[in-house]
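Please read the structure below before turning to the comments.
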Amino acid sequence: MAPIISAVGVGKTFRQLKRQAGFGGALRGLVSRDYTEIRAVEGIAFSIEPGEAVGYLGPNGAGKSTMIKMMTGILTPSAGTLSVLGREPHSNRILNARDIGVVFGQRSQLWWDLPVRDSFELNRHIYDIPDSRFADNLAYLTQMLDMGSYIGRPVRQLSLGQRMRAEIAMALLHDPKILFLDEPTIGLDVVAKDAVRRFLAEINRERGTTIILTTHDLVDIEQICPRLIMVDDGKLLFDGELRHLRATLGSRRRLTLEFATDPGPLTLKTATLAADEGAAKHYLLENEAVSLIDVLNEVGPAHGLKDIKLEEPDIEEVIRTFYLNKPKLAGSAP
Amino acid sequence: MKLSAYPAFTHSAFQSRLAYRNQVWANAFGDLVNVFARIAIWSAAYAGMTVVDGVTLPEMVTYAVLVGTVLRWDHARLLHEVGDAVRTGDVAVYLLKPLHYPFAILASHVGHYAFSFVTVTIPVVLIVGFTAGLMPPASLFHAALFPVFWLLSWLVMFCIATLCGLLAFWLLTAFSLEWFLMGIMLLFSGAVVPMWFLPPALATLFSYLPFAWVHYYPAAVYLGKLDPTSTWLHLGMGLGWLALLAAAVAWLWSRARHRIIVQGG
């Protein structure tokens with residue numbers, strides 16, 4: 001199948017006016033203008049298949065929103081080629097807009113003074129949604145997102161969690177092929193985050209809607225997106241399945257062996273000893289291919305092994321280590 | 001998209017105004033005070049005379065009602081809405097939808113105007129009509145042409161306020177533009193003093209500027225101060241200004257849009 005989104009060497013450079021300090025500087029700024037070039041996005045390449053759910057992750061200022069804006073057609077790339085549903089999004093803005101849904105966590109698309117239902121009704125006209133389709137979608141989304149209790153209330157009276165659910169419903173009423181979400185869980189409490197995540201995973205699975213989601217929150221990605229694209233400083237750092245991230249980043253699993261009695265020093269080929277507490281020994285598994293069976297085989301029955309615990313490093317930790325080691329990694333990249 | 005989407009904006013804007021019922025009373029009271037203040041000023045200025053420069057006091061009372069409420073457009077709301085949307089980048093929300101922003105704004109402001117027409121203008125006209133008295137249109141011809149000038153006035157005002165709102169994108173403040181526009185409108189449009197009482201040089205200058213089509217010409221047509229030939233002529237000139245202003249809006253919007261999509265706002 002042809003990719004639904006493809007990016008080849010996409011870059012975006014902004015020109016920012018250099019302002020000089022002080023009154024004299026302000027006066028000089030009136031006659032001569034210096035610009036600083038800011039590379040928000042640089043050499044990004046990826047390809048997304050229909051029905052995928054992709055998490056776009058990166059720290060603040062990594063160029064996530066810029067990339068979303070380019071894919072939705074409201075920013076022009078300054079380098080490379082970008083194709084969404086076989087079209088160049090910015091030169092086909094209106095056509096592109098019909099086929100995509102967009103949710104900005106920090107910008108509302110609902111009418112502040114109107115009941116939620118009225119904003120939905122407006123979208124029915126904007127996207128020219130057939131009546132029966134609209135009714136079906138509205139019923140489905142109202143039930144799935146549990147909006148029944150507040151769909152008739154003005155948006156200004158809603159909690160952030162309710163509003164965000166309404167924003168997501170609004171973006172899905174016209175059956176978009178791709179749903180873009182820019183930090184959809186920002187500022188939500190745990191319960192609301194969970195509701196949003198479960199719904200997005202469901203819509204991706206049941207309706208096959210392609211989802212592209214930017215976030216700071218790794219749990220969003222763990223629960224919604226099997227695939228992760230990681231960026232920093234506008235550049236691509238990682239693109240692949242979340243479970244491969246650990247291998248790529250070279251982070252290690254922790255293994256704890258507990259014995260009935262202290263077996264004395266015990267070195268293994270499959271694991272490196274990290275700490276020795278006598279009866280409890282902590283190892284690090286450097287090699288992704290080593291399984292628990294390999295370790296058990298090597299330890300054998302002789303030492304009176306009582307318990308064994310294998311810990312996967314938590315994803316937050318993996319990524320934290322990754323960003324901290326970044327200069328080193330970037331240096332070693334080809 | 002189908003054109004039917006735009007009336008939906010008109011409907012939404014009208015609906016959203018219902019949320020603030022107290023505003024209706026405040027606006028109606030404001031307009032009422034405004035009109036009666038104008039009437040009081042003209043009554044004092046006439047000081048017992050019946051005709052000044054060929055214009056009677058009842059005509060001036062009617063002029064005050066036309067300019068003070070029938071032709072009083074809420075340009076500040078429009079200017080702020082456009083200014084804020086482009087300045088904060090909220091305009092992106094419109095760019096994400098299959099529609100054209102200026103038309104969406106036009107449609108929603110038709111809704112805002114329809115709302116204040118029903119809730120403010122009609123009651124104020126009725127109250128003033130029963131207390132101070134209003135003159136009917138000067139003739140059947142003038143009665144027929146007044147609605148055309150009235151619509152033209154609204155569209156010219158729409159373009160001028162939208163232009164100022166879009167300028168906020170570069171000047172980063174809609175506030176000073178609002179004051180500027182308010183000042184210009186008061187003087188240049190004949191909102192306070194009709195052209196026939198202004199010094200001839202000023203009157204001539206102002207009568208060619210587009211602002212005159214917002215207040216002066218529609219009121220002058222209603223009162224029959226323009227003969228039929230002159231009425232048609234000024235309708236043509238007004239349409240010319242409208243075309244020019246609409247082109248300016250289209251141009252400035254495309255510049256703003258270009259900057260948004262290239263510079264990210």
Side-chain angles (χ1 to χ4, degrees), chain A residues 12-17 38 40-41 65-66 68-70 72-78 89-104 106-115 117-119 121-129 154-157 167 170-171 174 176 180 182, chain B residues 1-24 77 80-81 84-105 107-108 111-112 115 170-172 253-265:
Chain A
K12 180 71 199 173
T13 311
F14 294 109
R15 272 199 327 165
Q16 201 174 58
L17 192 60
I38 295 173
V41 170
S65 295
T66 306
I68 290 267
K69 282 181 181 166
M70 287 196 276
T72 51
I74 58 175
L75 259 184
T76 327
S78 35
H90 67 272
S91 52
N92 296 286
R93 178 180 70 84
I94 289 196
L95 275 177
N96 192 46
R98 293 194 141 281
D99 289 334
I100 61 170
V102 188
V103 176
F104 284 129
Q106 319 211 52
R107 268 190 222 290
S108 182
Q109 307 190 36
L110 298 159
W111 280 55
W112 189 245
D113 294 319
L114 293 183
R117 187 183 286 124
D118 289 13
S119 288
E121 195 61 34
L122 184 65
N123 258 23
R124 181 168 75 82
H125 291 285
I126 292 175
Y127 293 97
D128 196 12
I129 309 167
V155 174
R156 63 190 142 85
Q157 293 176 5
E167 299 274 0
M170 177 128 159
H174 60 287
F180 293 95
D182 194 8
Chain B
M1 69 183 274
K2 287 202 307 194
L3 273 169
S4 69
Y6 293 108
F9 276 91
T10 307
H11 179 78
S12 292
F14 191 94
Q15 290 283 318
S16 71
R17 291 296 291 279
L18 288 170
Y20 298 96
R21 278 174 214 156
N22 292 335
Q23 255 188 17
V24 172
R77 175 188 294 274
H80 278 285
E81 192 176 318
D84 287 348
V86 292
R87 201 170 39 82
T88 62
D90 276 345
V91 70
V93 167
Y94 287 92
L95 291 177
L96 290 171
K97 299 196 184 294
L99 48 82
H100 298 283
Y101 177 65
F103 291 116
I105 283 293
S108 71
H112 285 300
F115 182 82
W170 286 273
L171 303 175
L172 293 177
W253 166 240
S254 82
R255 287 289 308 266
R257 201 174 79 92
H258 181 75
R259 232 186 88 161
I260 292 163
I261 66 169
V262 173
Q263 278 293 321

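Just so you know, these numbers come straight off a predicted model, no measurement behind them. Each chain gets a letter, A, B and so on, in the order its sequence line appears, and its residues count up from 1.
With respect to chain B, the highest number of heavy-atom pairs below 4.5 Å among Ile100(A), Thr66(A), Asp113(A), Asp118(A) belongs to Asp113(A). Note on Leu96(B), Leu18(B), Val93(B): by heavy-atom pairs under 4.5 Å with chain A, the leading option is Leu96(B).
Atom-to-atom distance recorded for Tyr101(B):OH and Arg257(B):CZ is 13.5 Å, nearest 0.5 angstrom.
Neither the backbone nor the side chain of Phe180(A) comes within contact range of chain B; no heavy atoms are under 4.5 Å apart. With a 4.5 angstrom heavy-atom cutoff, Ser78(A) does not touch chain B via any of its atoms. With a 4.5 Å cut-off on non-hydrogen atoms, Ala13(B) touches chain A through its backbone and its side chain both. Only the side chain of Asn123(A) comes within less than 4.5 Å of a heavy atom of chain B; its backbone N, CA, C and O stay farther away. Only the side chain of Arg156(A) comes within less than 4.5 Å of a heavy atom of chain B; its backbone N, CA, C and O stay farther away.
Using modelled atom types and a 3.5 Å distance limit, the side chains of His174(A) and Arg98(A) yield no donor-acceptor pair.
Every residue two or more places apart in sequence or in another chain was checked for a ring-ring contact (aromatic ring centres under 6.0 Å, His included) with His90(A), and none qualifies. Taking Glu81(B) as the reference, nothing meets the salt bridge (charged side-chain N to carboxylate O under 4.0 Å, His left out) condition, with sequence neighbours excluded.
For the pair Glu167(A) (side chain) and Gln109(A) (backbone), a donor-acceptor distance under 3.5 Å is present.
Within 6.0 Å of CZ in Phe103(B) there are 12 or fewer heavy atoms belonging to other residues, nucleotides or ligands.
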